[in-house]
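Worksheet: the structure to be examined is printed underneath.
Keep in mind the model is a prediction, meaning the values are calculated, not measured.
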Amino acid sequence: MAVALLMATACMDLENKNNSWSRTISGDMVTTNSESGVAYTDNASVTVEVKDITKPYINLLIEGVKFVPMMPDVNFLVSDIQFKLYPSNDTNDPLYGSWTFNEKSVVPTVGGVPREEYTMLNLIGSISDNGVVVDFDVNFGGVVYHATFGRNDALQTWEAEYDATADVVINPGTEGAMTSTDQTLVSFAQGNLSKQVVNITFKDFRFVAMMPEITFTITDVPFSYSEDGTQRLFNVASIVPTIGDQKFEQYTMTNFTGSVTNNAVLLNCDIASMNARVTLTGMINK
């Protein structure tokens with residue numbers, strides 16, 4: 001893993017009195033026209049360079065960038081991109097030993113010259129021993145293109161399922177408050193580690209004892225990472241779940257907060273239409 005690789009590299013570099021590290025990875029670059037939805041795939045490569053392994057900055061050389069098939073390949077270099085290292089003791093976690101980065105706007109150099117017309121927006125990605133995922137947008141010729149470079153599917157997905165208990169309080173804070181408890185499964189599916197959104201599915205869930213069990217999903221739920229990288233954190237003002245393909249406004253969740261670690265989940269939300277407060281706690285389903 002990247003942590004072990006960095007440590008081994010550090011030891012080797014200390015012997016060689018050289019604190020730099022670099023690696024080139026070949027993969028596919030997919031660019032999508034945001035207006036037409038047409039996607040184009042071509043071969044590309046990314047070279048990751050760490051000039052000083054004691055500092056959290058990388059250089060990325062992205063070779064083979066093009067937004068339309070007839071465009072010649074362009075090589076983008078972005079320098080001094082700050083990354084965070086997410087170590088984990090759980091080697092089944094795809095974030096084990098990965099570096100992640102997130103830059104709102106970066107001007108690349110092409111042939112040593114800064115090229116503002118190629119300004120990379122929302123440059124996000126992750127790097128591990130297994131590969132590299134890089135996403136960015138470029139406003140090229142008046143059209144926004146979304147570009148994704150990827151290598152190794154295992155790096156691009158995260159899924160987990162937790163055995164959970166849901167405590168639902170109806171009319172919280174009043175004398176008539178009623179609490180019901182139900183067992184459920186809550187699962188998380190993140191389609192791409194470079195996109196900090198996840199789909200959350202609640203299986204066989206109900207808000208009150210007399211209600212039939214339902215399965216519903218909330219999609220593209222944004223999250224952030226804790227400072228040490230061990231938790232995914234949620235804080236969403238309002239979100240509408242779907243049952244099948246249909247949205248159910250009556251189950252709109254507000255004040256959706258919580259966290260997911262490797263082994264535990266904690267979620268809280270309000271269901272305004274039912275005047276209910278839901279607290280869900282669970283452990284990983286092994």
Which heavy-atom pair separates Val50 from Lys55 by the least distance, and what is that distance?
-> CG1-O, 4.4 Å

For the residue pair Val78 and Met120, what are the closest heavy atoms and their distance?
-> CG1-SD, 3.5 Å

Test item: Asn43 and Ser26 side chains (from C-beta on) under 4.5 Å apart, heavy atoms | no

Check: Lys203 main-chain N/O paired with Thr184 side-chain donor or acceptor under 3.5 Å | yes

Step by step, work out the side-chain contact (heavy atoms from CB on, under 4.5 Å) result for Val186 and Ile200.
-> CA-CA 7 Å; Val186 58; Ile200 306 175; 3.6 Å; yes

Side-chain heavy atoms of Asp163 within contact of Gln183, under 4.5 Å | no

Considering all heavy atoms of both residues, which atom of Ala177 and which atom of Pro172 are nearest to each other, and what is their separation?
-> CB-CA, 4.4 Å

Hydrophobic cluster of Leu61, others only, ordered by chain and residue number, side-chain cut-off 4.5 Å | Leu77

Side chains of Asp73 and Glu63 in contact at under 4.5 Å (non-hydrogen atoms) | no

Would you say Val236 and Val265 are hydrophobically clustered, going by side-chain heavy atoms of ILVMFWY under 4.5 Å?
-> yes

Non-hydrogen side-chain atoms of Phe101 and Val134 separated by less than 4.5 Å = yes

Looking only at non-hydrogen atoms, find the nearest pair between Met71 and Phe67 and report the distance.
-> SD-N, 3.3 Å

Which value, rounded to the nearest 0.5 Å, describes the distance between His146 atom NE2 and Thr32 atom OG1?
-> 6.5 Å

How about Glu116: does its CD atom have over 12 heavy atoms from other parts shown lying under 6.0 Å from it?
-> no

Would you list the atom pairs, donor with acceptor, under 3.5 Å between side chains in residues 267-283 and any protein atom, with sequence neighbours excluded?
residue : atom : partner : partner atom : Å
Asn268  : OD1  : Thr279  : OG1          : 3.0
Asp270  : OD1  : Arg277  : NH1          : 3.1
Asp270  : OD2  : Asn255  : ND2          : 2.7
Asp270  : OD2  : Arg277  : NH1          : 3.4
Ser273  : OG   : Gln250  : O            : 2.4
Asn275  : ND2  : Asn171  : OD1          : 2.8

Determine whether the aromatic ring centres of Phe136 and Phe149 lie less than 6.0 Å apart.
-> no

Aromatic contact, Phe76 with Tyr118 (centres under 6.0 Å) | yes

Residue from Ile127, Ile58, Val48 passing side chain to side chain contact (heavy atoms under 4.5 Å, CB included) with Phe83 | Ile58

Give a yes or no on whether Leu185 and Leu266 share a hydrophobic cluster (residues Ile, Leu, Val, Met, Phe, Trp, Tyr; joining criterion: side-chain heavy atoms under 4.5 Å apart).
-> no

Look up atom CD in Glu159 and atom CD in Glu161, then write down how far apart they are to the nearest 0.5 Å.
-> 10.0 Å

OG1 (Thr165) and CG (Asp182) are apart, to the nearest 0.5 Å, by 9.0 Å

Transitively linked via ILVMFWY side-chain contacts under 4.5 Å: Phe234 with Ile239?
-> yes

Are any of the side-chain heavy atoms of Asn59 and Asp80 separated by less than 4.5 Å?
-> yes

Using atom types as modelled and distance alone, determine if a side-chain donor or acceptor of Thr215 lies under 3.5 Å from a backbone N or O of Asp204.
-> yes

Go through the steps to decide whether Thr31 and Lys66 satisfy the test side-chain contact (heavy atoms from CB on, under 4.5 Å), and finish with yes or no.
-> CA-CA 8 Å; Thr31 55; Lys66 59 171 66 178; 6.0 Å; no

Would a 4.5 Å heavy-atom cut-off, applied to side chains only, mark Tyr57 and Asp52 as touching?
-> no

Give a yes or no on whether the backbone of Asp135 and the side-chain of Thr148 come within a donor-acceptor separation of less than 3.5 Å.
-> no

Rounding to 0.5 Å, atoms OG1 (Thr252) and CD1 (Ile218) come to a distance of 11.0 Å

Determine whether Val110 and Phe140 fall in the same hydrophobic cluster, where Ile, Leu, Val, Met, Phe, Trp and Tyr are linked whenever their side-chain heavy atoms lie under 4.5 Å apart.
-> yes

Would you kindly confirm whether Val30 and Met70 end up in one hydrophobic cluster when ILVMFWY residues are joined by side chain heavy atoms under 4.5 Å apart?
-> no

Specify whether Phe216 and Phe202 have parallel, tilted or perpendicular ring planes, treating 30° as the upper limit for parallel and 60° as the lower limit for perpendicular.
-> parallel

Is there side-chain contact between Phe188 and Val221, with heavy atoms separated by less than 4.5 Å?
-> no

Thr181 and Asp167 side chains, donor-acceptor separation under 3.5 Å = yes

Heavy-atom closest pair, residues Gln190 and Tyr225 | NE2-OH, 4.5 Å

Provide the closest heavy-atom pair for Tyr162 versus Asn263 in the form atom of the first, atom of the second, distance.
-> CE2-C, 3.7 Å

Roughly how far, to the nearest 0.5 Å, is OG1 of Thr119 from CG of Leu121?
-> 6.5 Å

Kindly indicate whether the side chain of Ile170, heavy atoms from C-beta on, has any atom under 4.5 Å from the side chain of Val168.
-> yes

To the nearest 0.5 angstrom, please state how far the CD1 atom of Ile214 sits from the CD1 atom of Ile243.
-> 4.0 Å

Without swapping roles, check the side chain of Asn199 against the backbone of Asp220 for a donor-acceptor pair under 3.5 Å.
-> yes

